[in-house]
Amino acid sequence: MRGVPDAPRSTRRGHHDDRLMPLDPGVRALARDLYRQVRDLPIISPHGHVPARLLLDDQPFGDPTSLLVTPDHYVTRLLHASGVPLDTLGVGRGPLDEDAARTAWRALCTHWHVFRGTAVRYWLDATLHGVFGTDLRPGPDTADELYDLLADRLRGPAYRPRALLDRFGIEVLATTDDPVDDLAAHAALRDDPTVTTRVLPTFRPDRYLEPAHPGWAEAVARLGEAAGTGTGTYRGWVTAMAERRAYFRAHGAVSADHSHEDVGTAPLDDVDAELVYARALAGTVAADEAVALRRHMLLEMARLSTQDGLTMTLHPGVRRDHHGPTAARFGPDTGHDIPLPGAFTDHLRPLLERYGTHRDLRLVLFTLDESVVSRELAPLAGFYPSVYVGAPWWFLDAPASIRRWRESVTEIAGLSRTSGFVDDTRALCSIPARHDMARRLDAGFLASLVAEHRLDDDEAADALVDLVSGRPAEVFRL
Amino acid sequence: MRGVPDAPRSTRRGHHDDRLMPLDPGVRALARDLYRQVRDLPIISPHGHVPARLLLDDQPFGDPTSLLVTPDHYVTRLLHASGVPLDTLGVGRGPLDEDAARTAWRALCTHWHVFRGTAVRYWLDATLHGVFGTDLRPGPDTADELYDLLADRLRGPAYRPRALLDRFGIEVLATTDDPVDDLAAHAALRDDPTVTTRVLPTFRPDRYLEPAHPGWAEAVARLGEAAGTGTGTYRGWVTAMAERRAYFRAHGAVSADHSHEDVGTAPLDDVDAELVYARALAGTVAADEAVALRRHMLLEMARLSTQDGLTMTLHPGVRRDHHGPTAARFGPDTGHDIPLPGAFTDHLRPLLERYGTHRDLRLVLFTLDESVVSRELAPLAGFYPSVYVGAPWWFLDAPASIRRWRESVTEIAGLSRTSGFVDDTRALCSIPARHDMARRLDAGFLASLVAEHRLDDDEAADALVDLVSGRPAEVFRL
Amino acid sequence: MRGVPDAPRSTRRGHHDDRLMPLDPGVRALARDLYRQVRDLPIISPHGHVPARLLLDDQPFGDPTSLLVTPDHYVTRLLHASGVPLDTLGVGRGPLDEDAARTAWRALCTHWHVFRGTAVRYWLDATLHGVFGTDLRPGPDTADELYDLLADRLRGPAYRPRALLDRFGIEVLATTDDPVDDLAAHAALRDDPTVTTRVLPTFRPDRYLEPAHPGWAEAVARLGEAAGTGTGTYRGWVTAMAERRAYFRAHGAVSADHSHEDVGTAPLDDVDAELVYARALAGTVAADEAVALRRHMLLEMARLSTQDGLTMTLHPGVRRDHHGPTAARFGPDTGHDIPLPGAFTDHLRPLLERYGTHRDLRLVLFTLDESVVSRELAPLAGFYPSVYVGAPWWFLDAPASIRRWRESVTEIAGLSRTSGFVDDTRALCSIPARHDMARRLDAGFLASLVAEHRLDDDEAADALVDLVSGRPAEVFRL
C-alpha cells in the first residue's frame, strides 16, 4: 500500500484541513472557498445537553475518561457492543479513581479500531487534535501517554469549562431542563459579566406528559408546587405548565423540547381530558387512555407555544431503554435507545390544522427514520410557515447521513425551511467539531450545486452564511 | 469567493450547457456524448395536467403571474411556507388585474432565494432562459423589469399555447379528464390539421371510486347519464365505467389514472358489492365498507384494463388537503397534499394474482415514499410482465431524487421495467425543461455505469434512446 | 458516440480490471491499492444454497442453461417480466433436452439488454469472462456460438463442481439444510481428503416453526423421528430441535438460519405454548395463535443458540410466492417473493432483553427494507454484543445498494459490527464474482474515507482485510 510504513504508526494523519471536503478536485476547490467564509463564525447551539451547573461551577474536568468516555453514550455503546462492560467504562459508578479511569481509557484506546468510519471517531479525532493539540493516535501503545497528556492539559486553566466555551466561540448555548428547575445556575451565569456566552434553558416537560409512566402523579404534584398552582385537575396542569413556561421564558428560554414515542396530537374534549387526567392521578388509567391524554397534552403545548413564543422542537420515535436489564442497572441514556418508524403526516395533522399557519408558532421536526425526510418532513415544511425540518439527529448526525438529509430536503423544501445545525450533545469538547462538520458538509453540498450549474456562486455563499447564522436566529428567535 | 463581484448581480449564470452533468470530468465527457444523442428527440408526455381547452382556445397567456405562479402549487407552496399568503399569489381569486399580478410576481422575485436548490428553481431557470430568452435573475431589483419583459413576450404569437407546443417538440401530450367529459376539445384538436401534437385524454375516475366522499352519489348519477346506462346498481356502475372507458379509448386515450389513499385491491363477492353499493347510494355506508368497495372497484378497473388496453397508472399514498382551512378557502391542489407510507406488496396482490401476468395489462406504479422503491416496486416490476416502475413523481421529480430512484430500481429491475419519463405537470412551459432534466440525469447515470465498466458505451447509447422513446411507446402503447 | 463502431459488437469490453472502482481518479488509485491486498484472499462463504450433493456427486453440469439460467431465479424473474414464460426457461421441467436448453439460452441472449445495469448482468459478465474465459457478448447473433463454447467447456474436467471450488479458492462453503437431513453428503465430503473446502451444513428449520402451514404436523412428526424423540408435545418439539441442532453441530454446522414473515419473539408461558401446540397438531389452531407460537419458537431457537453456539441468522420480511398461480405450477423460489416493510426494534426486544448480552450468542440481521438499516439495524448492532448487521441481502446484493448499506451502517455501528460478505447464492459460478464485488466496493468505500481524511491509509488496509477474513471468522466462529 503506497506510503504505509511497515511499523504500526502512533501518529495520526487524518486531521486534515480538507477533511470531509468533496472528492472531485474542482468541487473541492469551490467548497473550500465557501467554507472559509463561515469557518470562524460564532457557534449558535440552540439545543444541547451540557448542564448549566457545569459552567457555573467551572471546575476542572477530573480526567480524560470522565470527560470523553463515561458520559458519552455514543462512545460507550460501541465499546459495549465490542465486549467492554459498561461498568468498566465507569457508567453508573460515580467518580472514578485514577486506576479505574485509566482502565476505561485503555479500553477506548485498545478498541479504537471499532470506531473507524463512525461519527464519534471523527469527533474524537477533532477533539484530540483541535482541543488538546495532539496527533497521537489512540491505541494500546499510546493509551497511557495520551491519558497523561490529556490529564495534564485538563489541570490547566485553559481547559476549564468556561475557558473552553470562550475558545470555541460559542455565542449561544441552550441547555435542557426540567420544568421544575429553579434555573438558578442560568440566572447566575447571566448575571456574571465574565460569561459572554448566552446560556439559555430549554423547557423539557416529557415526564409530565406521560400519565402511564411510574412516578407521573408525583411529578405533576411537584410541578404544581413549582408553579404555585394546583395540578389536581387537567385545567390546573395546563395553568402550571403555562406558569413554568413563562418562568423559563423570563430566564431566557427560547424553546420547549418534546420527545415521545409518537407525535400524535389528536384532541380530547374538556370533559374527557379531565376524566382521563383524574384516572391517571388515581392510578387507574388504561394504556390507550394515557396515550390519548399525552397526545392531547402535546397539542396543548403547541397552543401554549403560539402564546409564549417558545419554539417547539419534536424528537419522537425512539424506544427508550430497549434493554431492560441495562436500564435497571445503569439508568437511562446508556446507549440502547433504538429508533422506531416515523409518522408525522397524520399524527401532526390536528396540530397543524389548528396552529400550522399561526404566525407565532415555530415547530421543528426531527427524525431518526430517514424514510420520512422526503416523504413527510420536507413536504410539510414546504407548505406550513411554522414547520422547519430539524437537522439530522443523533445516529444521523454524521457526514454521509447529513449529506443524504440535505439532498432529500433541499429539492423539496429548499434551504430556508431547515433548522440550522443543532448539535444536541452533552460532550462539550465535541461542539466545535460538530458545528465545523456541518459547515464543511454544507459547503460541499452547495459547491456541488454550483458545479452542476444549479446555483450561482454568490448565491451559494449567501446561502451558507444563512444556514450557519440566519436559520438558528429565525427558527429560535435569537 | 473567487469570481464573486462586489455588487449584487442581476444576471444569472446558472443556465449552463453542462447543467446536471456528472461532476467527474471523465464521466461528464461520457455523459455529454450520450446526452447529445437524445437532446433533440421529440417529447412524449403520456401523463400530465395541461387542459385540452387551453390548447383549443389558444389564447395568449395573460401575464407572467397567471402563467408561472398562481396555478403552480410547486411555486405557491414554498412561498406560502415563507410567509406569503396564498391570496397574494392569486390562488383562488380568478383572473388578476395587473396590480395584483405584479404584486404576486414581486413576491416570487423577492423570495427567489427560498427556491435555491429546489426542482422548481431549476424549472423556472430553464423557463426564463430557454423559453423566454432572458438571463435576468429574479430579485427585488429585477422584478418589474422581468415582469414587463415576460408580459411583452406573452403578447406575441410565439408565446401562444400551440406555438409553444410546436417549439417544444411535443409529439404526444396526455391530459387528465373526468369520465363524464365529452372530450369535445380533444376531438376538435384531433380534427385540426394545424395541430401536430397528439393530444390524448386520460381517464381519471377517482371520484367515482370513493363511496364515502361527499357528492359521490350525484357523481355516479352523472356518470350513468354520460354512459347512457343506469348506475343504480353496482353492475350498472361497472357497465357505465366500461362505456366511458370505451368512449375515451375512441377519443385516443391510452391510459386510466388512479389516485387513492392506498392501492388495496381485495375483492368483494357480487352480493356484497351490490349491498355496499346500495348503502353508499343511500348514504348509510360505513367507513370501512366504503374502503372495501373502493378497493373492489379498483380491482375492477384492472379487469377492464385487460379488456380495453388502457394502461393503468397508480398514484397512491397522499393525504389530500392536509390543511382543512386552506382547502376550505382555496380548494384542492393548493400545496398541502402530504405523502403517506407506501405499501404495494400485499395491497396489489389480489390484482396481480388475477391479472399480473395478463398479456394485455400495463400497470405503472408511482410512489412518493422512496423506501418502497427497492423494497417493493422494483421487485414487483422484476417479475410481473404487466408492472412498470413509474418515474419519480411530484416531490421526487427532482435531480437527486431521480438519481436515487434510478440507482435503486436499475440493479433490481433493470432499465426496461421503468415507465420512461412522465412530467405530470400543469405548467406547460416547464415541460421541455423537465424532459431535458430526465435526459441529462439518465445520460449521467448511464455514463457512470460505463465508467465503472458495468456497461459498454454502445449499450449505454442504445439504452438512453430506449428510455426516451422506447419505454413510453411500449408502456403506453403509443 | 466516441469509440462506438458502426457495426454491432459481439465482443464485450466491460470486464475491466477497474470495474466498480470509484470514479474519481485519485480515490480510484487509493482503492486499487487497497483492493490488491485482498483480491486473492480465500473465499469464506458462511451462508449459501449450493447443495452438498452437487459437490459429492461432482458430475459435469449438463449444459449452460441448466447451470446459468433455469435454477437462478435472479435470471428467470427478469426474463419472465420481459415476456418469456418460465417453462421456456426450463423452470419446473426437470432435465432439458438440448433443443429446449438451447431455446432457453437463446431467450437469455436475445433479452440480454433487459439486464443492463443489474447485479445479475454483472455476475453473468464475470462468470462468462472469469470462469469461462470468453468475451463474447450475449445477443441473438452470438447465442449459439456461446452455447457451444460453454457446453464444450462444461464437458471438461476443469468445469466439474469440485474443480471449480478449487479454482475459486473457496475455503469454507456453507449449505442450507433441512433439520431432518442425515447430512451424509457432508460427512462424505468431510471424509474425502481430496476436498479441501470445508463444506458445512446450515440448520434451517423454518417449516417446523409455522404451525399454520399445510403439512406442519407431518413435518414435526418426521422431525421427531429424526431426533429419536416424540414431538407430540411442545416440550418434545424443543428436545427434538436441540437434538437435531446437536447433530448438525457435530457435522460441522456453525449457524441456524431463519426466515419468517416477521422477527417477532414474544414469549408464551409454558401452559399456553403446550396448548397452542396441541391445537396446531390437531389442526384447530387459529391464525393469530399460530403466529404467537412461531414467535415463541423463534425465541426458543435463540435460547438454544446461546447453548450450542450456532450463529443465528435472520432473513425476515418477505411475502413468499406472491403470485399463487406461478407457485402452484412451478413451485417456490421462482422469482416472485416480494419484500415487506421491516420491523426489528420491538419484535426483537424480548429476545434481546433475555439473550442480547449473552456472551455466546451471535445474531445476524438481514433485511430487504433499506429504511431499517440506519433506523434499527445499525443502532441495535451498535449496542448489543450479540448483534451484527448482515450484508446486503438478495435484491440489495448489488453495487449501489451495497454502497448505500455500507454508508448507512458504518457511521452508526462502524465496520466491526457487520457480518462480512455473505453470497447467499445457489449459483456456484457466481460465488467468486460476488465476493470480488464486495471486496471492490469495500475498497472503494474505505478509499473514500481516506480521501476525506477520516481514516489513515494503514487503517483502511487493516479494516479491509478484517472485513474479508476477520468478520466471517468472528461472526460464524470459523
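FYI, side chains are in, hydrogens and waters are out, and symmetry mates aren't considered; it's all heavy atoms of this structure. Letters A, B, ... mirror the listed sequences (proteins, then strands); counts begin at 1.
Proximity to chain B (any heavy atom under 4.5 Å) is shown, for A/Ala343, by neither the backbone nor the side chain. Using a 4.5 Å cut-off between heavy atoms, B/Ile338 touches chain A through backbone and side chain atoms alike. For a residue to count as touching a neighbouring chain, one of its non-hydrogen atoms must lie under 4.5 Å from one of that chain's; by this rule A/Leu352 touches chain B with backbone and side chain alike. When heavy atoms are compared at a cutoff of 4.5 Å, A/Asp466 does not approach chain B at all.
Using a 4.5 Å heavy-atom threshold, the side chains of B/Leu23 and A/Glu452 count as touching. Under the 4.5 Å side-chain criterion, counting only non-hydrogen atoms from C-beta, A/Arg349 is in contact with B/His322. The shortest side-chain heavy-atom distance between B/Pro341 and A/Glu376 falls under the 4.5 Å cut-off. Contact annotation: the side chain of A/Arg454 approaches that of B/Pro399 to within less than 4.5 Å [non-hydrogen atoms, C-beta and beyond]. Counting only heavy atoms from C-beta outward, the side chains of B/Arg121 and A/Leu455 approach each other to under 4.5 Å.
Chain A forms the most heavy-atom pairs under 4.5 Å with one residue out of B/Leu20, B/Thr334, B/Val84, and that residue is B/Leu20. Per-residue counts of heavy-atom pairs under 4.5 Å with chain B were compared for A/Ala463, A/Gly414, A/Pro379; the largest is that of A/Pro379. Among A/Asp346, A/Val373, A/Leu415, the residue making the largest number of heavy-atom pairs under 4.5 Å with chain B is A/Asp346. Among B/Val120, B/Leu340, B/Leu368, B/Asp18, the residue making the largest number of heavy-atom pairs under 4.5 Å with chain A is B/Leu340. Ranked by heavy-atom pairs under 4.5 Å with chain B, the list A/Asp462, A/Val372, A/Leu449, A/Leu446 is led by A/Asp462. No other option in B/His113, B/His73, B/Arg116 has as many heavy-atom pairs under 4.5 Å with chain A as B/Arg116.
In terms of modelled atom types and a separation under 3.5 Å, the side chain of A/Thr345 and the main chain of B/Pro339 share a donor-acceptor contact.
Remark: A/Asp458 engages B/Arg137 in a salt bridge, criterion side-chain N to carboxylate O under 4.0 Å.
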task: Go through the steps for B/Ser371 and A/Arg375 under the test side chain to side chain contact (heavy atoms under 4.5 Å, CB included), then give the verdict.
output: CA-CA 9 Å; B/Ser371 69; A/Arg375 188 179 71 212; 4.3 Å; yes
message: Pair A/Arg417, B/Leu78 - check side chain to side chain contact (heavy atoms under 4.5 Å, CB included), show working.
response: CA-CA 9 Å; A/Arg417 308 304 306 153; B/Leu78 204 44; 3.9 Å; yes
task: Could you go through the side chain to side chain contact (heavy atoms under 4.5 Å, CB included) check for B/Trp112 and A/Glu459 one step at a time?
output: CA-CA 10 Å; B/Trp112 190 241; A/Glu459 293 180 293; 4.2 Å; yes
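For residues 402-412 of chain A, a heavy-atom distance under 4.5 Å to chain B picks out A/Glu407, A/Ser408, A/Thr410, A/Glu411, A/Ile412, given by residue number.
The aromatic rings of A/Phe383 and B/His323 lie tilted to each other, with the angle between the two planes from 30° to 60°.
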